[in-house]
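In what follows, a single structure is set out as structure tokens and then discussed.
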2 protein chains.
Amino acid sequence: MMTFPEQFERFARIHLPANLSDAAILRFQALGRAAAVGREEALALNLHADHLVFVCSGATKLVAHASDRRDQVVGFHFPDELVVVPARAEHSYTLEAVRPSELLVFDYRDFTELARSDPAVLRSLLECARGSLSRSREKSLALGRKTATERLAGFLVAMAVRIGSMRDGTLSIDLPMSRRDIADSLGLTIETVSRQFSVLRELGLLETTGKAGVRIPDLRALEARAGYLTEAA
Amino acid sequence: MMTFPEQFERFARIHLPANLSDAAILRFQALGRAAAVGREEALALNLHADHLVFVCSGATKLVAHASDRRDQVVGFHFPDELVVVPARAEHSYTLEAVRPSELLVFDYRDFTELARSDPAVLRSLLECARGSLSRSREKSLALGRKTATERLAGFLVAMAVRIGSMRDGTLSIDLPMSRRDIADSLGLTIETVSRQFSVLRELGLLETTGKAGVRIPDLRALEARAGYLTEAA
DNA sequence: GAAGGTCCTTGATCGAAATCAATGCGCCGC
DNA sequence: GCGGCGCATTGATTTCGATCAAGGACCTTC
């Protein structure tokens with residue numbers, strides 16, 4: 001459990017320019033607030049404003065809500081990442097904890113107003129937005145044109161890159177999210193996700209240990225199963 | 001047909017700050033090139049670099065390509081809009097003309113390098129990225145969790161807002177894109193798109209004239225059919 | 001370490017959209 | 001005005017993933 005100044009210091013180190021004056025840093029700090037969010041809880045936000053949220057610890061999902069509790073996980077966000085949580089428009093969005101998480105919350109408008117003449121901060125925000133846009137476009141392709149197996153394979157490749165680690169010589173992931181979260185992210189049902197885990201397991205592309213553990217013996221092979229473009233095409 | 005300086009002037013008026021010095025404007029101008037792209041042609045780009053493209057005239061689609069010619073239209077872009085076209089990664093992207101289009105092309109890296117200390121230009125880029133991210137997230141929700149009818153209704157609402165106009169008292173759209181483009185944007189087939197047009201027509205939510213003309217007598221009703229959140233929820 | 005609950009897996013059936021297959025319409029040149 | 005062609009519509013059938021329905025595994029709690 002971090003104190004607010006510790007959290008902010010971490011945020012500043014990653015997302016604010018190194019040469020910022022102490023006074024300027026304090027002005028940004030004054031705009032932030034800390035929030036601890038328990039598992040499966042949503043971060044409480046003013047629905048009518050955009051927010052900028054820094055993930056200090058845990059793991060989170062950004063969820064878009066349509067009518068009839070049909071939810072779509074629009075993205076997962078892990079420690080040290082910055083997320084833009086949009087205000088309610090055609091649909092509403094919530095940032096929810098997949099694991100107990102410590103978050104740093106800013107009003108988007110206040111933050112950009114303070115950063116309006118600081119190129120380094122603006123560049124940092126732009127990079128954050130570009131990363132999210134790029135992942136979101138990849139997701140559109142997956143949701144629009146890929147089969148269930150390809151979607152799960154692509155998801156696992158992306159997770160391996162973002163939160164995977166080497167364990168006794170094999171690329172491994174400890175998935176923080178439930179099958180429901182994965183299903184809501186891939187536009188599938190939990191049953192279909194479960195079946196695709198079985199398919200990939202039978203193809204020898206992965207091994208599972210318990211609910212959360214996944215070992216990937218051959219990342220390239222899994223990428224191929226995800227329908228990624230090869231050198232040739 | 002615009003000359004390159006005319007095109008650039010238009011771009012500068014919309015996306016560059018008004019108080020930029022003439023010298024600075026010329027430096028940006030030196031980075032751009034004009035490109036005319038015919039119907040269904042792709043803009044020729046260096047595949048290994050990101051680009052920034054300004055649409056001067058016409059209508060364009062940003063297409064993500066997976067294996068087996070399964071294409072996903074990731075977004076449509078109309079005159080005065082700025083598009084980020086990503087370099088090839090897991091998938092490749094092309095910007096293609098839906099109608100003959102005049103485009104202004106920049107290398108993304110060069111452009112941001114020149115803008116690196118100019119907050120106003122950076123803010124303009126950030127706003128562009130945020131707009132695209134927001135539309136992309138809405139698309140993820142539609143592709144992941146909505147029915148064919150809801151997707152088409154949502155698409156038509158969005159087009160009405162972006163390129164619709166009032167004609168003899170009724171909100172009307174002259175769709176620049178084919179059924180195939182719409183299908184590739186909504187993650188459906190052309191046959192299904194066609195059937196959903198019939199469904200919405202039979203529901204009295206729209207009238208069609210020829211292939212491209214759409215009249216929307218009641219936008220609110222169409223929005224409701226798109227599964228948008230209502231005030232209550 | 002047994003009990004209980006939650007989450008996950010597997011199986012059987014159903015349904016929305018894809019695919020396959022004609023047919024129709026609008027738009028072009030002639 | 002009349003073909004002809006490309007695009008769009010409509011119909012018949014198939015398919016992949018959703019839904020419905022049991023089991024089974026893992027983790028917590030006592």
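In the text below, chain A, chain B and the rest are named by the order of the sequence lines, each starting its count at 1.
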Please report, rounded to the nearest Å, how far the [atom2] atom of [N] is from the [atom1] atom of [X].
X      : N      : atom1 : atom2 : result
A/L188 : C/dA16 : CG    : P     : 18 Å
B/Q196 : C/dA16 : CD    : C1'   : 10 Å
B/L152 : C/dA16 : CG    : P     : 17 Å
A/R151 : D/dA18 : CZ    : C1'   : 12 Å

(request) Could you note down all residue pairs passing salt bridge (charged side-chain N to carboxylate O under 4.0 Å, His left out) where residues 194-212 of chain A supplies at least one of them, sequence neighbours left out? (result)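 Counting only pairs at least two positions apart or across chains, the salt bridge (charged side-chain N to carboxylate O under 4.0 Å, His left out) contacts touching residues 194-212 of chain A are A/E207-A/R215.
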(message) Show every ring-ring contact (aromatic ring centres under 6.0 Å, His included) that has at least one partner inside residues 77-101 of chain A, sequence neighbours left out.
(response)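 Checked against ring-ring contact (aromatic ring centres under 6.0 Å, His included) - neighbours excluded - the pairs reaching residues 77-101 of chain A are A/H91-B/Y228.
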Output yes when a side-chain donor or acceptor of [X] lies under 3.5 Å from a complementary backbone atom of [Y], and no otherwise.
X     : Y      : answer
A/Q72 : A/D184 : yes
A/D50 : A/A87  : yes
A/R70 : B/R145 : yes

(request) Please identify each residue that fulfils salt bridge (Lys or Arg N to Asp or Glu O under 4.0 Å) with B/E102, with sequence neighbours left out. (result)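 In terms of salt bridge (Lys or Arg N to Asp or Glu O under 4.0 Å), with neighbours along the sequence ignored, B/E102 is linked to no residue.
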(request) Kindly write out the residues that satisfy salt bridge (Lys or Arg N to Asp or Glu O under 4.0 Å) with B/R162, not counting sequence neighbours, or none if the list is empty. (result)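 Counting only residues at least two positions away or on another chain, B/R162 forms a salt bridge (Lys or Arg N to Asp or Glu O under 4.0 Å) with B/E81.
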(message) For a quick check, with a 4.0 angstrom heavy-atom cut-off, what is the B/S/- contact string for nucleotides 19-24 of chain D, read 5' to 3'?
(response) BB----
(message) If the condition is side-chain contact (heavy atoms from CB on, under 4.5 Å), which residues does B/D181 pass it with, not counting sequence neighbours?
(response)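 Expected list: B/E40, B/K61, B/F76, B/V98, B/M177, B/S178.
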(request) Sequence neighbours left out, what passes ring-ring contact (aromatic ring centres under 6.0 Å, His included) with A/H15? Give chain and number order. (result)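 Once residues adjacent in sequence are excluded, the partners of A/H15 under the ring-ring contact (aromatic ring centres under 6.0 Å, His included) criterion are A/F11, A/F54.
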(request) Could you pull out all residues at least two apart from B/F197 that satisfy ring-ring contact (aromatic ring centres under 6.0 Å, His included)? (result)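 So B/F197 forms no ring-ring contact (aromatic ring centres under 6.0 Å, His included) with any residue.
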(request) For DNA chain D, find the residues of residues 198-216 of chain B with a heavy-atom distance under 4.0 Å and give them by number; none if there aren't any. (result)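 Those residues are B/S198, B/R201, B/K211.
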(message) So if I take residues 142-149 of chain A and measure heavy-atom distances to DNA chain D, which residues fall below 4.0 Å?
(response)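 Within residues 142-149 of chain A, the residues near DNA chain D are A/T147, A/A148.
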(message) What's the separation between atom CZ in B/R39 and atom OG in B/S101, rounded to the nearest 0.5 Å?
(response)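 Reported value, rounded in 0.5 Å steps: 11.0 Å.
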(message) Can you tell me how far apart OG (B/S165) and CD1 (B/I173) are? Round to the nearest 0.5 Å.
(response)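 One gets 9.0 Å once the value is rounded to the nearest 0.5 Å.
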(request) Taking only heavy atoms on the protein side, list every residue of residues 174-187 of chain B lying under 4.0 Å from any atom of DNA chain C, sorted numerically. (result)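 Listed by number, they are B/G187.
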(message) Need the bend value for the helix from C/dT9-D/dA22 to C/dC30-D/dG1: angle between end axes, 5 pairs each end, nearest 10°.
(response)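 Overall, the helix from C/dT9-D/dA22 to C/dC30-D/dG1 bends by 50° from one end axis to the other.
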